[in-house]
Amino acid sequence: MIRFTHVFKEFPRTGLALQDVSFHVGKGEFVFLTGPSGAGKSTILKLIFLEERPTKGEVKVSGVSSVTIRGRDVPKLRRKMGVVFQDFRLLEDRTVEANIAFALEVTGAQPSAIGPKVSRLLGQVGLASKATSLPRELSGGEQQRVAIARALANDPVVLIADEPTGNLDERATRGIFQLLRDINASGTAIIMATHNLELIRRAECRTIEMNHGAIVFDSAEQAIAYPASGGDEA
Amino acid sequence: MAFKRAPVLSLLSVTTIAFSLFAFGLFGLVALNIRRQLNQLEDRVEIRAFVVDGTNAEATSSALGDIASFPEVSTVKLVSPEEALVRARRELGEFSDVFEAGILPASIDVKLKEGYRDPATVASVAGRIKNYDFIDDVRFGEEWVQKLYRIRTIATLAGAVLGLAFAGVAVIIIGSTIRMAVLARAREISIMRVVGATDGFIRSPFLIEGVLKGTLGGLLALLFTYAANSLIGKFVFSAEFFDAKYAIGGVAAGALIGLLGSAFSVGRHLRDV
């Protein structure tokens, strides 16, 4: 479903961010993307999301190639993906339900369908009682749940999470991770960039480790569930 | 939408647009009044052809018909010696008693249409009139016409250059105000993109907002200009105000600047992020 083929990405100011990256993520997979800061994790997520295009090579998402896609078709492709960030990116002046509804409104959903869908999403992330709260009235974990609900609004086939637990305490981290597992169990693929090795070790999911813009380890290719030494690698 | 979410910023953009257009409007008023004064002066450009004494009435009246059919000519009038005397007395005031009836010749007075009052055209019409045998002398204040025409050319050029400069400044100021409004909503725009909103969808509220702000700014500017004009009229001298066509044009220009400024600012923002 997501395929990187010999992808290079060079930024004019900072130089080479990715070199010769190739991997494939199948439908319904749960993949961790890890590695030190500046290793290229975020660049990979941006390429999946088509916020950036590769300098060389090809990124294919849902059968659409980064080489041939036209600019105006990018929004349509993005609707098949949900994105969650470390800093939540909620609109501070709108209620929780308005934040979620926003994702449906801007993609032209039927107005009559928005209300019920928002309620269902709030229930799914466990925030049914907070519908009318403002983001600042919520804890970090709750705000991230709102962001996840918003990311799920357009029924994405893949959820991309960039350090979603980076700002959260241990307990909230576990809660968010469990939520992501539940979402994954219902068939949505998840690609999660994280520094949290403890989480990776416990989860036993596929892990791709990056360093200096290259993949240095992919547990799927090693054909091992997860190496015991994983915790020392970052 | 923005007026509700960011009232201070919106008010600021509207006032900025209003003042930029106000400055442009004041300049426009000055230019307009100078032009009208010059036009009034130009209205006085006249060719006076003196008729030889004793010319028969038939010849002059046929010449009048001919001259009236020149494409440059707006009016032709025959001034009899008696009328010439009355006019001379009126124009010379206290020296009026120096004239005795009969010393002034009859003349054909010709006024030219607007757009045909430049020195070359005036001289060419005068030359054609002089070709009649019964015309003694033709006068049209050659030097005066040339000077007036030069002033007019300078005023037009200066007006165009200054006007363009003022308009340019207004566009830049308005563009930056709108850019500020766009930046203030950068977060909202980035989220819209993340959830898959099309650029057109993101752009449209800004364009509507730009037109609204531009129109409001234009109306305010018109009001300010009108107030300034009335004040000047009351205390300094009376000046003419824009007619409806110009006033509507000014407000429409405000709306257009608002629209273009928004389109430019949002477009740049969408390309940059």
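Computation of the quantities below employed the complete heavy-atom set of this structure, encompassing side-chain atoms and omitting hydrogens, waters and symmetry-equivalent molecules. Quick note on labels: first sequence line is chain A, next is B, and so on, each numbered from 1.
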Expected output: side-chain A:R78 to main-chain B:V195 donor-acceptor under 3.5 Å: no

Hey, is [atom1] on [X] packed in by over 12 heavy atoms from elsewhere, all under 6.0 Å?
{"X": "A:K60", "atom1": "NZ", "value": "no"}
{"X": "B:Y149", "atom1": "OH", "value": "no"}
{"X": "B:Y246", "atom1": "OH", "value": "no"}
{"X": "B:Y116", "atom1": "OH", "value": "no"}
{"X": "A:E92", "atom1": "CD", "value": "yes"}
{"X": "B:Y226", "atom1": "OH", "value": "no"}
{"X": "B:K147", "atom1": "NZ", "value": "no"}
{"X": "B:F27", "atom1": "CZ", "value": "yes"}

Atom of B:V194, atom of A:F49 and distance for their closest heavy-atom approach: O-CZ, 3.2 Å

CA sep, side-chain torsions, deciding dist, call: A:T107, B:F201, side chain to side chain contact (heavy atoms under 4.5 Å, CB included): CA-CA 9 Å; A:T107 49; B:F201 185 93; over 6 Å; no

Gap separating the CD1 atom of B:I191 from the CZ atom of A:F85, nearest 0.5 angstrom: 8.5 Å

Atom pair CZ/CG of B:R187 and A:D93 - distance to nearest 0.5 Å: 10.0 Å

Region of A:L104 in contact with chain B, defined by heavy-atom distances below 4.5 Å: neither

Region of A:D87 in contact with chain B, defined by heavy-atom distances below 4.5 Å: backbone

Ionic contact status for A:R89 with B:E188, cut-off 4.0 Å: no

Only pairs of heavy atoms separated by less than 4.5 Å count here; which of [options] has the most with chain B?
{"options": "A:L90, A:L77, A:N154", "answer": "A:L90"}
{"options": "A:P156, A:G108, A:A153, A:P75", "answer": "A:P75"}
{"options": "A:V74, A:L91, A:V83", "answer": "A:L91"}

Min side-chain heavy-atom separation A:K76-B:T198 under 4.5 Å: no

